Amino acid sequence: MPSKYVIHTKQIDHRFEPLTRSGIIAWEEGCLKCPVCVKKECVYGVYEKRELNPGQMIDSIDNKCMSCLRCVQNCPGQLIQKSINPEFMEMGDTHWTPDIIARLWYQGETGKIPVSGAGYPGPFSGPGFDSMWTDMSEIVRPTRDGIHGREYISTGVDIGSTPKNLVFDKEGRMVKNESAIIDIPIPVIMRAPDFGAISGNTIKGWISAAKKLETLLAIPVKRIIPEFLKLSAHIIPVISSKDIEGLNINEHVRMVEYIWDEKGASNLKKVKKMFPEALISVRLYLDGDFEKKAMEIFEAGCSIINLEGSYNGRVRDDASIYMKDAIRRIHLAFVEKGVRDEMTLIASGGFSMAEHIAKSILCGTDAVYVDFPILIALGCRMCHRCEQGIPCPVEIDNASIKWVAARTINIIGAWHNQLLEVMGAMGIRDVRRLRGEVGRAMFFEELDKNIFGSLNRVEEGFELE
Ligand code: SF4
Ligand code: SF4
């Protein structure tokens with residue numbers, strides 16, 4: 001049995017104080033001067049430790065407060081209040097919500113799984129991946145524990161085309177298999193996001209993290225500078241048809257991604273010729289008749305397809321189709337054709353939580369690309385200022401290589417542990433067995449139809465007696 005894959009995480013402090021969901025407002029006016037002020041009774045010593053961060057002009061009180069509301073409830077003059085921070089609530093958008101961003105910050109800082117001590121207060125169903133649940137029927141079995149070492153759970157996946165069977169010569173010796181694969185110990189490949197205050201050091205930090213995590217980082221070929229190629233085995237150059245002429249990468253890369261377009265099939269041959277030793281993956285933008293296009297890519301001889309959805313986890317030209325459904329449709333199209341095992345499907349676009357890895361694999365991918373979470377782990381607020389040429393409020397571009405690498409390892413470590421938790425609770429010991437295993441998932445639409453479908457629709461305005 002191979003040695004256990006463990007991602008070692010450690011506390012890596014924020015460079016800038018993060019925005020908090022709520023703040024404390026404490027009025028002095030009208031103070032009754034109680035013999036023992038409620039501020040002195042704060043078990044976290046928030047008021048005693050209070051200080052001003054002169055660089056950022058931030059009062060530490062909001063970040064230190066644990067929102068137990070003790071001081072709010074006990075002040076007889078009702079002079080202390082907690083209020084929602086509008087700056088926090090304005091972060092991100094409907095997909096990259098303030099809560100998701102804050103949880104990613106936490107995971108980047110601590111490398112730990114975020115837990116909600118007071119239980120989950122939200123709805124139990126929503127759009128996209130929120131409309132599916134995993135069958136955690138083995139959750140009561142304490143032995144299935146991949147995090148703490150009591151049972152081995154493999155998260156390793158093979159990228160490429162695995163052989164259908166072993167071949168032996170007349171003497172019974174195994175014939176060397178020509179198919180090339182890359183095996184990575186976690187079904188996650190990282191990718192430089194489409195925007196962000198990203199400097200050379202940021203990318204070097206991500207490459208360094210990819211090396212430590214034994215995975216890869218995809219970078220548009222235009223952004224690659226010679227220094228990055230020192231760790232070329234952990235880089236996936238992303239090439240469009242415009243980049244092919246004049247492409248000059250002589251270092252050994254294990255995988256290359258080509259962006260599919262109308263010249264796809266002929267350019268694919270050129271790319272293969274340029275990188276004879278590398279695996280070639282094709283990025284398919286999910287729009288139009290994406291199942292047909294995926295089939296064309298396979299027929300053009302490419303066994304690795306990256307299904308690229310939109311920034312907010314949907315098909316790019318149809319916001320009503322979520323990644324969950326697009327992945328299932330493509331996976332099933334290849335299953336029906338009888339070629340699913342000859343290829344690798346990777347998905348990207350809008351993966352914002354660790355559970356999305358397990359859910360994407362359940363829907364039919366082998367692995368996922370993670371892009372914005374590795375930027376948010378560095379403190380990004382998804383404010384888009386960098387896209388407008390305005391300086392980044394948390395100066396991500398000035399962060400050191402070491403800090404970027406450590407925060408990136410933390411977020412992937414926290415996600416890896418969550419994947420182990422899910423698989424342990426499902427009783428699945430190998431992530432390769434999770435692929436397309438929809439029998440171990442429940443889909444809201446199907447349950448709704450099966451349970452309530454026979455009841456017919458109730459006409460609007462009809463009153464039940
Ligand atoms: S709400 Fe609780 S943690 Fe926050 S300052 Fe008041 S007593 Fe301290
Ligand atoms: S915080 Fe804003 S400016 Fe900085 S990288 Fe993120 S989106 Fe860009």
Side-chain angles (χ1 to χ4, degrees), residues 9-21 23 50-64 85-93 95-112 114 190-213 217-220 222-225 227-228 231 235 311 352 370-414:
T9 60
K10 57 182 181 208
Q11 172 80 21
I12 304 291
D13 291 339
H14 301 296
R15 293 167 56 246
F16 285 76
E17 289 292 341
L19 298 175
T20 54
R21 168 179 267 278
R50 184 176 193 176
E51 59 194 8
L52 184 75
N53 179 329
Q56 295 171 59
M57 290 305 287
I58 286 178
D59 184 338
S60 69
I61 194 165
D62 296 337
N63 276 299
K64 291 199 163 69
N85 177 1
E87 213 184 336
F88 178 88
M89 297 311 286
E90 276 167 20
M91 276 197 307
D93 49 46
H95 183 79
W96 298 93
T97 63
D99 285 337
I100 286 177
I101 293 171
R103 277 199 293 269
L104 291 170
W105 289 343
Y106 172 83
Q107 291 168 85
E109 182 194 14
T110 64
K112 292 182 182 162
M190 299 188 292
R191 193 173 79 167
D194 290 344
F195 66 82
I198 300 168
S199 64
N201 276 357
T202 320
I203 294 183
K204 281 186 207 162
W206 284 332
I207 299 171
S208 161
K211 180 171 184 268
K212 287 216 170 83
L213 296 163
L217 174 81
I219 321 171
K222 283 196 197 104
R223 298 187 84 147
I224 295 178
I225 55 170
E227 261 185 281
F228 298 165
L231 291 177
I235 291 176
Y311 153 92
S352 59
V370 171
D371 47 14
F372 285 103
I374 61 170
L375 181 69
I376 298 173
L378 308 182
C380 170
R381 298 176 180 178
M382 296 301 264
C383 65
H384 297 260
R385 285 191 210 179
C386 46
E387 285 190 292
Q388 298 155 28
I390 304 171
C392 172
V394 287
E395 298 174 20
I396 287 175
D397 41 352
N398 290 334
S400 72
I401 300 171
K402 211 171 148 194
W403 186 87
V404 170
R407 294 277 292 209
T408 308
I409 289 168
N410 273 358
I411 184 103
I412 302 295

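Computed from a predicted structure; not experimentally measured.
Residues forming a side chain to side chain contact (heavy atoms under 4.5 Å, CB included) with K402 (at least two apart in sequence, or on another chain): S400. Listed by chain and number, the residues in a side chain to side chain donor-acceptor pair (under 3.5 Å) with E51 amount to none (sequence neighbours excluded).
Between N410 atom CG and T110 atom OG1 the span is 6.5 Å, to the nearest 0.5 Å. Taken from OG1 in T97 to CE in M91, the straight-line distance is 8.5 Å, to the nearest 0.5 Å. The distance from the CD1 atom of I411 to the CG atom of L378 is 9.0 Å, given to the nearest 0.5 Å. With values rounded to the nearest 0.5 angstrom, M382 atom CE is found 4.5 Å from I376 atom CD1. Atoms CZ and SG, from F16 and C392 in turn, are 7.5 Å apart once rounded to the nearest 0.5 Å. Taken from CD1 in I203 to CZ in R223, the straight-line distance is 4.5 Å, to the nearest 0.5 Å.
Side-chain contact between R381 and I101 is absent, with no heavy-atom pair separated by less than 4.5 Å. F372 has its side chain out of reach of L104: every pair of non-hydrogen atoms, C-beta onward, lies at least 4.5 Å apart. Between T202 and I396 the shortest side-chain heavy-atom distance falls below 4.5 Å. In this structure, the side chains of I12 and E109 stay at 4.5 Å or more apart for every pair of heavy atoms. Under the 4.5 Å side-chain criterion, counting only non-hydrogen atoms from C-beta, I374 is in contact with L217. Residues I235 and I207 have side chains in contact (heavy-atom distance under 4.5 Å, counting atoms from C-beta outward). T20 has its side chain out of reach of F88: every pair of non-hydrogen atoms, C-beta onward, lies at least 4.5 Å apart. S60 places none of its side-chain heavy atoms less than 4.5 Å from the side chain of E17.
Between Y311 and H95, the distance from one ring center to the other does not fall under 6.0 angstrom.
N85 approaches E87 most closely through the heavy-atom pair OD1-N, 3.0 Å. For G196 against L375, the heavy-atom pair with the smallest separation is CA-CD2, 3.9 Å. Closest approach of V394 to R15, counting heavy atoms only: O-NH1, 3.1 Å. The nearest pair of heavy atoms linking S352 to P373 is CA-CG, 4.2 Å. Nearest heavy-atom pair across V404 and A399 is CG2-CB, 3.8 Å. Here the closest heavy-atom approach between residue R407 and residue G379 is recorded as NH2-N, 4.4 Å.
Listed by first then second residue, pairs satisfying ring pair (Phe, Tyr, Trp, His ring centres under 6.0 Å) with a partner in residues 390-411 number zero, not counting sequence neighbours.
Applying the 6.0 Å contact sphere to NZ of K211 captures no more than 12 heavy atoms from other residues, nucleotides or ligands.
Formation of a donor-acceptor pair under 3.5 Å by the W105 side chain with backbone atoms of C380 is found in this model.
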